Amino acid sequence: MEPKGFMSPPPKQKPIVNLMRGSGQDLFGTPENLSEKGINIQAPNPNKTFSSPFKETLSDRFIPFRSGTKVAKNLFDLPPEFSTPQPTRKNEPMTPEEQNHLKYNSLLTAGLLELASENQMVGDENDPLGGAPKSYKLLTYHRFEPTTNAMSALEELPPTGQLPKTLARPINKVPFKVLDAPDLKDDFYLNLMDWSKTNFLTVALGNSIYLWSGDTGKVERLGHHGGPRHGRYPVPEGSECTALKWDSSGKTIATGRSSGVLEIWDMERCQLLLSEPRHRARVGCIAWNNFHPHILATGSRDNTVKIWDIRTSERRVQELVDHKLEVCGLSFAPHDATRLASGGNDNKVYVWNMTKPNEPELRLGDHSAAVKALAWSPHQSGVLATGSGTRDTGLRLWNTINGALISEVKTNSQICSIAFSHTVNEIATAHGYSQNDVVIWKAPNLQKMAVFDCFEARVLYLAVSPNGQYLASGAADQTIKLWDVFPVKEPIAPSILSASNLVLR
């Protein structure tokens with residue numbers, strides 16, 4: 001019995017044969033002993049010498065040595081049943097399909113493996129891969145540029161051989177609802193549709209204004225327009241609504257009339273708050289200040305822009321005079337309370353600073369047609385989108401900080417309205433002559449994403465729903481179509497570190 005604390009010796013293990021030795025003897029015994037066990041062992045030839053191809057001491061891991069091999073080419077070699085057929089005769093010319101196949105392999109190799117430049121390659125010059133690197137190894141820290149042959153192959157690829165482009169998100173090109181809009185005016189210079197923050201789609205039809213509820217689908221009428229008197233000032237019979245705009249709260253709406261009268265309605269109390277004829281001609285556009293709910297701007301056919309402060313009974317009004325023809329587009333900047341953009345029938349776009357109203361802060365005169373369509377980007381401060389009429393058809397993005405043109409595209413159609421998405425950096429444009437469609441663009445490069453072309457007449461008005469998902473288009477065919485266009489931004493869950501969740505104990 002063995003003493004406690006001691007372990008029995010491990011069992012004997014078989015000795016390991018060193019197969020790299022050139023000798024006939026090993027740890028099992030002599031050749032004679034092996035012959036007695038029935039194993040035939042030939043004695044080595046004493047006149048024959050052995051030399052190992054490896055000059056280095058071998059370790060316990062096998063690391064392949066790939067210097068000088070065509071790793072890039074062999075990686076893309078496929079079995080014959082999967083590869084493109086090659087010419088059977090040596091001098092037989094390759095077909096165009098085989099040439100494209102070789103160019104495509106060259107492009108993939110250069111892009112994925114980052115092959116060496118042309119002066120680092122060796123091999124056959126007819127090889128589409130340009131040969132293999134002289135000393136190409138895996139897991140090295142050298143960065144190579146694509147070969148010249150690979151880049152030229154990319155330029156020569158036919159359209160059918162191009163790499164697939166990243167697919168844009170799918171956009172439904174069929175409206176999910178169509179509303180009748182009889183008596184919707186076919187006038188390029190008017191602005192007769194808007195969507196409130198309280199989810200009321202509002203449109204002017206003749207002398208009346210109608211509100212369609214996006215929550216219930218019910219339609220209501222905003223008073224009777226066209227009566228002999230409105231507030232303190234008389235309004236001529238048949239005076240039509242020529243512009244309307246909701247404020248940022250969705251509780252107040254301003255309307256302009258063909259007689260030059262501005263009206264302001266309190267929608268919570270269904271009461272007319274203001275009716276004043278400060279313009280000498282029709283009011284074609286209205287804009288509310290996003291920071292000061294008591295300030296709004298109106299543009300008129302009398303070539304002026306008026307800034308209204310409706311807090312006091314005096315109705316203080318400031319006038320901006322620089323346009324030579326009708327002002328048909330107005331928009332306050334969403335990130336700056338002092339900046340206002342105006343577009344006119346004189347082919348001019350001005351950016352005004354309310355602290356210096358004597359003259360425009362910036363003049364954008366590169367348009368050759370009337371500019372009614374104006375929209376500030378909600379995603380980047382100082383970026384303004386403008387759209388021109390039939391003689392220009394240009395859609396432009398401006399940096400109003402320095403006056404530089406960011407991007408431009410010719411739409412080949414009259415641009416009647418522009419609307420930015422609230423959730424993604426995309427632009428919707430409504431077009432008149434001659435396409436009569438709605439186009440979705442990716443900003444800032446102005447890449448076309450989708451086209452809605454199911455209209456029988458020009459599309460004059462656009463409005464975006466308060467949640468940013470739906471787009472409304474009003475056309476001269478007297479229909480309003482609702483589109484599910486933009487993605488909805490998911491609400492951010494409140495953090496556990498937010499003020500409402502912090503409790504002092």
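Quick caveat, the model's predicted, so the values are computed rather than measured.
Heavy atoms from other residues, nucleotides or ligands lying under 6.0 Å from NZ of Lys410 number more than 12. Heavy atoms of other residues, nucleotides or ligands lying less than 6.0 angstrom from CD of Gln380 number 12 at most. The neighbour count for Glu456 CD, taken as heavy atoms of other residues, nucleotides or ligands under 6.0 Å away, does not exceed 12. For NZ of Lys481, the number of neighbouring non-hydrogen atoms (other residues, nucleotides, ligands) closer than 6.0 Å is greater than 12. Few gaps surround NZ on Lys306; more than 12 heavy atoms of other groups in view lie less than 6.0 Å from it. When the shell of 6.0 Å around CZ of Arg391 is examined, it contains 12 or fewer heavy atoms from other residues, nucleotides or ligands.
Formation of a donor-acceptor pair under 3.5 Å by the Thr400 side chain with backbone atoms of Gly382 is found in this model. Listed for the Ser213 side chain is a donor-acceptor partner under 3.5 Å among the backbone atoms of Thr216.
No side-chain donor-acceptor contact under 3.5 Å links Asp484 and Asn172. When only modelled atom types and interatomic distance are considered, Thr338 and Asp336 share a side-chain donor-acceptor pair under 3.5 Å. Side-chain contact, Trp265 with Thr252: no donor N or O sits under 3.5 Å from an acceptor N or O. Side-chain N/O atoms of Thr255 and Glu263 include a donor and acceptor closer than 3.5 Å. With 3.5 Å as the limit, one finds no donor-acceptor pair spanning the side chains of Asn345 and Glu326. Defined by atom type and a distance below 3.5 Å, a donor-acceptor pair is missing between the side-chain atoms of Ser413 and Thr411. For the residue pair His323 / Asp346, a side-chain donor-acceptor distance below 3.5 Å is found, with atom types taken as modelled. Side-chain atoms of Arg221 and Ser208 form a donor-acceptor pair, as typed in the model, at a separation below 3.5 Å. Side-chain polar atoms of Thr202 and Trp246 form a donor-acceptor pair below 3.5 angstrom.
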Tell me which donor-acceptor pairs under 3.5 Å the side chains of residues 436-455 have, and how far apart each pair is, sequence neighbours excluded?
from   : atom 1 : to     : atom 2 : distance (Å)
Asn436 : OD1    : Arg458 : N      : 3.4
Trp441 : NE1    : Thr429 : OG1    : 2.8

* To do: Go through the steps to decide whether Arg282 and Glu240 satisfy the test salt bridge (Lys or Arg N to Asp or Glu O under 4.0 Å), and finish with yes or no.
  => CA-CA 9 Å; Arg282 70 180 180 186; Glu240 298 178 345; over 6 Å; no
* Asked: Which is it for Ile253 and Trp288 under the side chain to side chain contact (heavy atoms under 4.5 Å, CB included) test, yes or no, and what are the steps along the way?
  -> CA-CA 10 Å; Ile253 186 172; Trp288 287 89; over 6 Å; no
* Take Cys416 and Tyr461, measure what side chain to side chain contact (heavy atoms under 4.5 Å, CB included) needs, and give me the verdict at the end. => CA-CA 7 Å; Cys416 304; Tyr461 317 108; over 6 Å; no
* Report the C-alpha distance between Ser342 and Trp352 in whole Å, list the side-chain angles of each, state the deciding distance to 0.1 Å, and finish with yes or no for side-chain hydrogen bond (donor to acceptor under 3.5 Å, both in side chains). => CA-CA 8 Å; Ser342 64; Trp352 305 81; 2.9 Å; yes
* **ring-ring contact (aromatic ring centres under 6.0 Å, His included) between Tyr470 and Phe176, intermediate numbers included** => CA-CA 10 Å; Tyr470 305 117; Phe176 68 89; 5.1 Å; yes
* To do: Take Thr304 and Leu320, measure what side chain to side chain contact (heavy atoms under 4.5 Å, CB included) needs, and give me the verdict at the end.
  => CA-CA 6 Å; Thr304 65; Leu320 308 179; over 6 Å; no
* Run the numbers on Asp302 and His279 for side-chain hydrogen bond (donor to acceptor under 3.5 Å, both in side chains), then give the verdict. => CA-CA 7 Å; Asp302 60 9; His279 286 285; 3.2 Å; yes
* Asked: Hey, mind stepping through Ile480 and Val178 against side chain to side chain contact (heavy atoms under 4.5 Å, CB included) and telling me if it holds?
  -> CA-CA 6 Å; Ile480 296 176; Val178 179; over 6 Å; no
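The CG atom of Leu179 sits 6.5 Å away from the NZ atom of Lys177 when rounded to the nearest 0.5 Å. Separation of atoms CG (Asn289) and CD1 (Ile295) is listed at 5.5 Å; rounding is to 0.5 Å. Between the CD1 atom in Ile209 and the CG atom in Leu211 there is a gap of 8.0 Å [rounded to 0.5 Å]. In this structure, OH in Tyr210 is found 8.5 Å from CG in Asp183, a value given to the nearest 0.5 Å. Distance CH2/Trp308 to CD1/Ile286: 9.5 Å, rounded to 0.5 Å. Expressed to the nearest 0.5 Å, how far CG of Leu384 lies from OG of Ser331 amounts to 7.0 Å.
A cation-pi arrangement is not found for Lys372 relative to Tyr189, the charged atom failing to lie both closer than 6.0 Å to the ring centre and inside a 45° cone about the ring normal.
Residues Thr298 and Arg278 form no side-chain contact, since every pair of their non-hydrogen atoms from C-beta on lies 4.5 Å or further apart. Using a 4.5 Å heavy-atom threshold, the side chains of Arg339 and Glu361 count as touching. Looking at heavy atoms from C-beta onward, Leu330 lies in side-chain contact with Leu340 at the 4.5 angstrom threshold. Taking 4.5 Å as the limit, every side-chain heavy atom of Val261 sits out of range of all side-chain heavy atoms of Glu276. Counting heavy atoms from C-beta outward, His367 and Arg396 have side chains that approach closer than 4.5 Å. Put simply, the side chain of Leu364 does not reach to within 4.5 Å of the side chain of Tyr350, judged on heavy atoms. A heavy-atom distance below 4.5 Å is not found between the side chains of Lys324 and Asn303. For the pair Trp195 and Leu471, the minimum side-chain heavy-atom distance is 4.5 Å or more.
A side chain to side chain contact (heavy atoms under 4.5 Å, CB included) with Val383 holds for exactly one of Leu397, Asn425, Asn399, Ile401; it is Leu397. If you run side chain to side chain contact (heavy atoms under 4.5 Å, CB included) between His431 and each of Asn412, Ile415, Val459, only Ile415 comes through. The only member of Leu184, Asn191, Leu190 that meets side chain to side chain contact (heavy atoms under 4.5 Å, CB included) when paired with Asp187 is Leu190.
By the side-chain hydrogen bond (donor to acceptor under 3.5 Å, both in side chains) test, Glu359 is found to be paired with no residue, residues two or more places apart in sequence or in another chain being considered.
With salt bridges taken as basic N to acidic carboxylate O contacts below 4.0 Å, none links Asp247 and Lys197.
The nearest pair of heavy atoms linking Val283 to Gly256 is CB-CA, 3.8 Å. Arg257 and Asn207 get closest at one heavy-atom pair: NH1-O, 4.5 Å. Scanning all heavy atoms of the two residues, the minimum distance from Ala375 to Phe420 falls at O-CE1, 3.6 Å. Pairing each heavy atom of Ser421 with each of Gly468, the nearest pair is OG-O, 4.5 Å. Between Ile427 and Ala385 the shortest heavy-atom distance is CD1-CB, 4.5 Å.
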